[in-house]
Structure formats: C-alpha cells, structure tokens
Amino acid sequence: ETADEMTNLQDEIEAKGLWDLDSQVDQAMDALNCPPDEADVTKLSGGEQQMLAVARILRTGADILLLDEISEGLAPVIVQALARMITQLHDEQGRITIPGFYDTVRVYDAATRKAMNAIPYDEESYKKELDLKALKGEEGYTTIERVGIRPCLDVNGIWGGYTGEGAKTVLPSKAHAKISMRLVPDQDYKIATKQLMDHLQSLTPPTMRIEMRDLHGGPWGLTPMQGRAFHAAQQAFEHVWNKAPVPVFDGGSIPIVSVMGKALGVDVVLLGFGLHSDAIHSPNEHFTVSHIPKGIATVLEFYKQFAAA
C-alpha cells in the first residue's frame, strides 16, 4: 500500500512539474531582479511587493498576465464594475433600490411629521457646521425626517488596484467596498442584510465574482416619550440647564440599547450632552469641557427625579 502511495505521489509531482520547483522559483526571482533568497528582508517597497505578486503569478503557471496598455480597454475593469454596482443602489430620487427594503419601514402620519419638523432647526447653520454646500437625501422628506425616520445606505470605503505613489498600468484583479445601512423602527437588520447581499449578487456582471461578509449589525431602538424614565430625564435637563429639552428622532449605532431594553423589560433613556459641532468619529472629534460637570449634575438629578416619580 505504501509503495502504491509513493508511486501515485511521484506521478502527481511529475504531472505538476514540481521536481524542479526550486529552479522555477529561482528563475522567476532572477527575471524580476528580486533580492537573494537568503537576504534579511523585513519590509518591501511598493515595487518589490509588485514584483513578488508577479512572481507568484508566474509560479502558478497563469495563461495570461495583464500588465500594461496592450490589455487596457479590453479586459473587464473590476473597480469600474464595482463602482457601477454601487451607483445602482440608489435611484434618481435618492431611494434605496433594494427590493423589499422599505416593506416594513414605519410610516408616520402628517401630524407626527409636522410636530417633528417644529423643533428649532436652521438648515444653513447645519450645512455650515458640516462644511457642506448642499444636503442630499430621499426626496419628499426634510433633513430632520431623513435623519430620524428614514433608513439610509452609505458606502464607507472603496479601494482596489494600485494605490501607491506614481503610476502603474496594471489592471486590478480585486476591488473592495464597505457598505453600511442605518435602519429605522420595524426593520430587521438580518433581513435587510440578506436583501442587500441578494441585490448586489443580482447586480454582479458575469465577468466578476463577488464575495460578501456581514461584519456586524444590531436591532433598532426607540425610547417611548411617555413613562417614568422619559419624564425624569426631561425634568433633570430642565433643572440643570434651565431649558426644556426637545425630544427628537435621531440615528445612531448603539445596538446594546435595544438589547438591554428587551432583556430587562424596561425603557432605555439616553442622556446626551454632545453637540452637532463635536465632529464625532472624525480626526478632530472633541467635547465641550463645560458640559462635563453639567452632564454629571444632570445624571444625578435624573436619579432623584426617577426615584421621586
């Protein structure tokens, strides 16, 4: 049995041309002027990384290698194809084109929408804070409604091909994108994720193969504006800040809120002390120092009001 296994192994090695593996690697490295194999290399430059990639391709016995202008305009360009797929995720009216995506989105009556838009808000100041010339979104809804009661889909990053210094006319074999969705009441993030993946699969051209990963997600959360906890929060803010708080719908990624509320059977109230100008998650994120002691005082007052309610 062992002899038969050895014979089969030798036949496989010979069929794949692996007897002279070291020679093939040496030839590829010499052709590309790579460093000696015994060299102590701890960091590769962009050019050396490219040479290593080409060496690997040569070793695998590729039938064709798209390296320069002779194949440009003929082969499918992955980055452009991915970009076209992404642009098809919204229509001209700013609506998300995923089939079934809006089926469970909660619809609010005219009175609720009117009350929502009655809060103090200046669009010009808002654009100035965000350093934007214009605001875009789903047609038929105000900026306040888009942020609070309408879902959105965004591309957080896209990359592919050569991104180093200088120019290289090598056609990329892979392209990547990161996409996120902010969901609203009554949407299921697991269903929405599957809907997105199915839609992207349907948009994938036959010249491409797509791989998708679900990185993370969480259920929606909404704090009722009635009840002991919400009333205590209102009283605490008014007591410390000398102003009545204005309840708003707002989007955020804090999955623990709904999980905690469901697990404990209670309403979860978020006490926020930041401003729109804090530039959260950006390189210059900051927080107003004077809000720290007032925030602490508000939390203490909340406990007092909650206990007395």
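The one candidate from Ile144, Thr142, Val248 that meets the side chain to side chain contact (heavy atoms under 4.5 Å, CB included) condition with Met116 is Ile144. Exactly one residue among Arg113, Arg150, Lys114 makes a salt bridge (Lys or Arg N to Asp or Glu O under 4.0 Å) with Glu145. That residue is Arg113.
Enclosure of atom CG in Asp131 is not indicated, since only 12 or fewer non-hydrogen atoms of other residues, nucleotides or ligands lie within 6.0 angstrom. The local environment of OH in Tyr303 is sparse, with at most 12 non-hydrogen atoms from other residues, nucleotides or ligands closer than 6.0 Å. Within a 6.0 Å radius of NE2 in His239, no more than 12 heavy atoms belonging to other residues, nucleotides or ligands are found. Crowding of Lys304 atom NZ: a count of heavy atoms from other residues, nucleotides or ligands under 6.0 Å not exceeding 12. No more than 12 heavy atoms of other residues, nucleotides or ligands lie within 6.0 Å of CD1 in Ile280, so this atom counts as exposed by the packing criterion. In Glu285, the CD atom is crowded: over 12 heavy atoms of neighbouring residues, nucleotides or ligands sit closer than 6.0 Å.
Formation of a donor-acceptor pair under 3.5 Å by the Gln195 side chain with backbone atoms of Gly100 is found in this model. With Arg228 contributing its side chain and Phe306 its backbone, the two residues share a donor-acceptor pair below 3.5 Å. Judged by distance alone, the side chain of Gln235 and the main-chain N or O of His231 form no donor-acceptor pair under 3.5 Å. Formation of a donor-acceptor pair under 3.5 Å by the Arg146 side chain with backbone atoms of Tyr141 is found in this model. The backbone N or O of Leu275 sits less than 3.5 Å from a side-chain atom of Asp278, completing a donor-acceptor pair.
The CG atom of Asp186 lies 5.0 Å from the CH2 atom of Trp220; values are rounded to the nearest 0.5 Å. Here CD1 of Ile96 is found 6.5 Å from SG of Cys152. Values are rounded to the nearest 0.5 Å. Rounding to the nearest 0.5 Å places CG of Asp188 at 8.5 Å from CG of Leu183. Atom NE2 of residue His199 and atom OG1 of residue Thr204 lie 10.0 Å apart, to the nearest 0.5 angstrom. Atoms CD and CG, from Gln80 and Leu82 in turn, are 11.0 Å apart once rounded to the nearest 0.5 Å. The CZ atom of Arg213 sits 14.0 Å away from atom OG1 of Thr193, with the distance rounded to the nearest 0.5 Å.
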Side chain to side chain donor-acceptor pair (under 3.5 Å) between Glu301 and Gln305, intermediate numbers included: CA-CA 6 Å; Glu301 184 64 25; Gln305 295 288 343; 2.9 Å; yes

Ile78/Lys174 under side chain to side chain contact (heavy atoms under 4.5 Å, CB included): CA gap, chis, key distance, verdict: CA-CA 6 Å; Ile78 300 299; Lys174 294 181 180 180; 5.7 Å; no

Derivation of the side chain to side chain contact (heavy atoms under 4.5 Å, CB included) call for Leu271 and Phe302: CA-CA 9 Å; Leu271 306 181; Phe302 168 78; 4.2 Å; yes

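No side-chain heavy atom of Ile86 sits under 4.5 Å from any side-chain heavy atom of Leu203. No side-chain heavy atom of Ile149 sits under 4.5 Å from any side-chain heavy atom of Arg106. Using a 4.5 Å heavy-atom cutoff, the side chains of Asp154 and Arg182 are not in contact. Residues Leu196 and Leu153 are in side-chain contact: their nearest non-hydrogen atoms beyond the backbone lie under 4.5 Å apart. Side-chain contact between Tyr189 and Met181: absent, with no pair of heavy atoms (C-beta onward) separated by less than 4.5 Å. Annotation: side chain of Tyr126 is in contact with side chain of Thr143 (closest heavy-atom distance under 4.5 Å). The side-chain heavy atoms of Leu270 and Thr223, taken from C-beta on, include no pair separated by under 4.5 Å. Contact annotation: the side chain of Gln201 approaches that of Met212 to within less than 4.5 Å [non-hydrogen atoms, C-beta and beyond].
In the hydrophobic clustering of ILVMFWY residues, with side-chain heavy atoms under 4.5 Å counting as a link, Ile119 and Leu222 come out together. By the rule that hydrophobic residues join a cluster once side-chain heavy atoms approach within less than 4.5 Å of another member, Ile98 and Ile210 end up as members of one cluster.
Aromatic ring orientation, Phe249 versus Tyr108: perpendicular (interplanar angle above 60°, classes split at 30° and 60°). Note on ring orientation: taking the six-membered ring where Trp is involved, the planes of Trp241 and Phe273 are parallel (angle under 30°, cut-offs 30° and 60°).
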